[in-house]
S.K.: 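Mind having a look at this structure? Questions to follow.
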Amino acid sequence: MDTTTSLKMSTLATQSLFSAVEEEDMAAIRAHLDKFKEVDGRSESGQTALMLAAEQGSLEIVQELIRRGANINLDDVDCWTALISAAREGHVEVVTELLANNANLEHRDMGGWSALMWAAYKGRTEVARLLLEKELIPTSLGSTASTPLFGRQDEVTRRSSASCSSTEAKSTVPTSMAPHP
């Protein structure tokens, strides 16, 4: 089998898995993963089945994909992770599962927004509260220097790189706005 044929088969297999996730067909997902083993196959936009399941709020599928070895900290072309997607959509149980499996709380999308920032912006208070309970310190601001928790900040050191794989965004928050211990 040549490389082109192999890539086409891999793409078809990934599409098949995505279809099963979209339809929330657990039997098809399990059968697919038993046959192909590739749990982190990506769509053209870099999305994985786990990201899609997290966005949909499909807890059982998220758990199965994690059990099968899905990398929960992969990001797509827009630097979105499963955690950011689940937080933005307000899926508390999925966020809880991802956090229990060491999802990166500090990861930022290409706009510099974290899961907490998206949850707060979209009014997902239960998810925001959960993320805050996990000791996420809401003082690291994205490159836009604006957050749904604090509003516009003047004392922000912007990220030096546009790369989303770096979680080392640095910032300062005026003392009057710093969280209380």
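One is the number of the first residue; the rest follow in order along the sequence. This one's a predicted model, so the numbers in the text were calculated from it and none came from an experiment.
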S.K.: Do the side chains of L52 and I29 join up, straight or via other hydrophobic residues, at under 4.5 Å, putting them in one cluster?
M.R.: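 They do share one cluster, since a chain of ILVMFWY contacts under 4.5 Å joins L52 to I29.
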S.K.: Quick check on E126: does its CD atom have over 12 non-hydrogen neighbours (other residues, nucleotides or ligands) under 6.0 Å away?
M.R.: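 Open.
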S.K.: Taking the side chain as every heavy atom from C-beta outward, state whether D109 and D75 have any pair of such atoms under 4.5 Å apart.
M.R.: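 D109 vs D75: side chains apart.
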S.K.: Look only at the side chain of N104 and the backbone of N73, and say whether a donor-acceptor pair between them is shorter than 3.5 Å.
M.R.: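 Between the backbone of N73 and the side chain of N104 there is no qualifying donor-acceptor contact (under 3.5 Å).
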S.K.: Using every non-hydrogen atom in the two residues, find where A28 and A20 come nearest and quote the distance to one decimal.
M.R.: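 What the structure gives for the nearest pair is CB-CB, 3.9 Å.
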S.K.: Report yes if some heavy atom in the side chain of E60 is under 4.5 Å from a heavy atom in the side chain of E64; otherwise report no.
M.R.: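 E60 does not reach E64 side chain to side chain.
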S.K.: Shared ILVMFWY cluster between M51 and L116, side chains joined below 4.5 angstrom?
M.R.: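 No, it is not one cluster - the side chains of M51 and L116 are not joined through contacts under 4.5 Å.
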S.K.: L98 and A86: which non-hydrogen atoms are nearest, and at how many Å?
M.R.: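 Between these two residues, the closest heavy atoms are CD1-CB, 4.2 Å.
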S.K.: Looking at side-chain heavy atoms only, is the closest gap between L17 and L33 below 4.5 Å?
M.R.: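 Result yes, sub-4.5 Å side-chain heavy-atom pair found.
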S.K.: Distance from K37 atom NZ to H32 atom NE2, nearest 0.5 Å?
M.R.: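 The distance works out to 10.5 Å.
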S.K.: Parallel, tilted or perpendicular: which describes the rings of W80 and W118, with under 30° parallel and over 60° perpendicular?
M.R.: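 Plane angle between 30° and 60°, so tilted.
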S.K.: Under the side-chain hydrogen bond (donor to acceptor under 3.5 Å, both in side chains) rule, collect the residues that match up with R42, sequence neighbours excluded.
M.R.: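 Listed in chain order: nothing, the list is empty.
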S.K.: Mind checking whether L50 and V21 have side chains closer than 4.5 Å, heavy atoms only?
M.R.: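 No, too far: nothing below the 4.5 Å cut-off.
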S.K.: Measure the CD1-CG distance between I72 and D40 for me, rounded to the nearest 0.5 Å.
M.R.: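 I72 atom CD1 to D40 atom CG measures 11.0 Å (nearest 0.5 Å).
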S.K.: Would a 4.5 Å heavy-atom cut-off, applied to side chains only, mark L99 and L83 as touching?
M.R.: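 In short, these two side chains touch, coming nearer than 4.5 Å.
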S.K.: Please name the pair of heavy atoms, one in S45 and one in D76, separated by the smallest distance, quoted to 0.1 Å.
M.R.: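 Looking at all heavy atoms of both residues, the closest pair is O-CB, 3.3 Å.
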S.K.: Report whether L74 and W113 are members of the same hydrophobic cluster (ILVMFWY, side-chain heavy atoms less than 4.5 Å apart, transitive linking).
M.R.: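 No; tracing contacts between hydrophobic side chains, which count when under 4.5 Å, never links both residues.
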S.K.: Show the nearest heavy-atom pair for residues A87 and A115, with the distance to one decimal.
M.R.: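 Closest heavy-atom pair between A87 and A115: CB-O, 3.6 Å.
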S.K.: Within this structure, what is the CG-CD1 distance for the pair L105 and I84, rounded to the nearest 0.5 Å?
M.R.: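 With rounding to 0.5 Å, CG (L105) is 10.5 Å from CD1 (I84).
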S.K.: Are any non-hydrogen side-chain atoms of H91 and V127 less than 4.5 angstrom apart?
M.R.: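 They are not in side-chain contact.
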S.K.: Are T96 and V92 side-chain neighbours, meaning at least one heavy-atom pair lies under 4.5 Å?
M.R.: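 Of all side-chain heavy-atom pairs linking V92 with T96, at least one is under 4.5 Å.
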S.K.: Answer yes when D34 and R68 have at least one side-chain N-carboxylate O distance shorter than 4.0 Å, and no when they do not.
M.R.: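 Between R68 and D34 there is a salt bridge, with a charged N closer than 4.0 Å to a carboxylate O.
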S.K.: With sequence neighbours left out, what residues match E24 under side-chain hydrogen bond (donor to acceptor under 3.5 Å, both in side chains)?
M.R.: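 By the side-chain hydrogen bond (donor to acceptor under 3.5 Å, both in side chains) rule, E24 matches S58.
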S.K.: Could you check whether any side-chain N or O of H107 sits under 3.5 Å from a backbone N or O of C79, counting only pairs where one atom can act as donor and the other as acceptor?
M.R.: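 Yes; at least one donor-acceptor contact below 3.5 Å.
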S.K.: Does anything in residues 79-96 pair up under salt bridge (Lys or Arg N to Asp or Glu O under 4.0 Å), and if so which pairs, sequence neighbours excluded?
M.R.: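 Found none.
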S.K.: Quick check: closest heavy atoms across A120 and A128, and the distance to 0.1 Å?
M.R.: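 Taking A120 first and A128 second, the nearest heavy atoms are N-CB, 4.4 Å.
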S.K.: Assigning hydrophobic clusters by single linkage (Ile, Leu, Val, Met, Phe, Trp, Tyr; side-chain heavy-atom cutoff under 4.5 Å), is V95 placed with L65?
M.R.: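 Hydrophobic grouping puts V95 with L65.
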S.K.: Between atom CD of Q63 and atom CZ of R67, what is the distance when rounded to the nearest 0.5 Å?
M.R.: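 Here the interatomic distance stands at 10.5 Å.
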S.K.: Hydrophobic cluster membership, with links at side-chain heavy-atom distances under 4.5 Å among I/L/V/M/F/W/Y: are L59 and L131 in one?
M.R.: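 Yes.
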S.K.: If every non-hydrogen atom of G41 is compared with every non-hydrogen atom of F18, which pair is closest and at what distance?
M.R.: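 In terms of heavy atoms, the two residues are closest at O-CE1, 3.9 Å.
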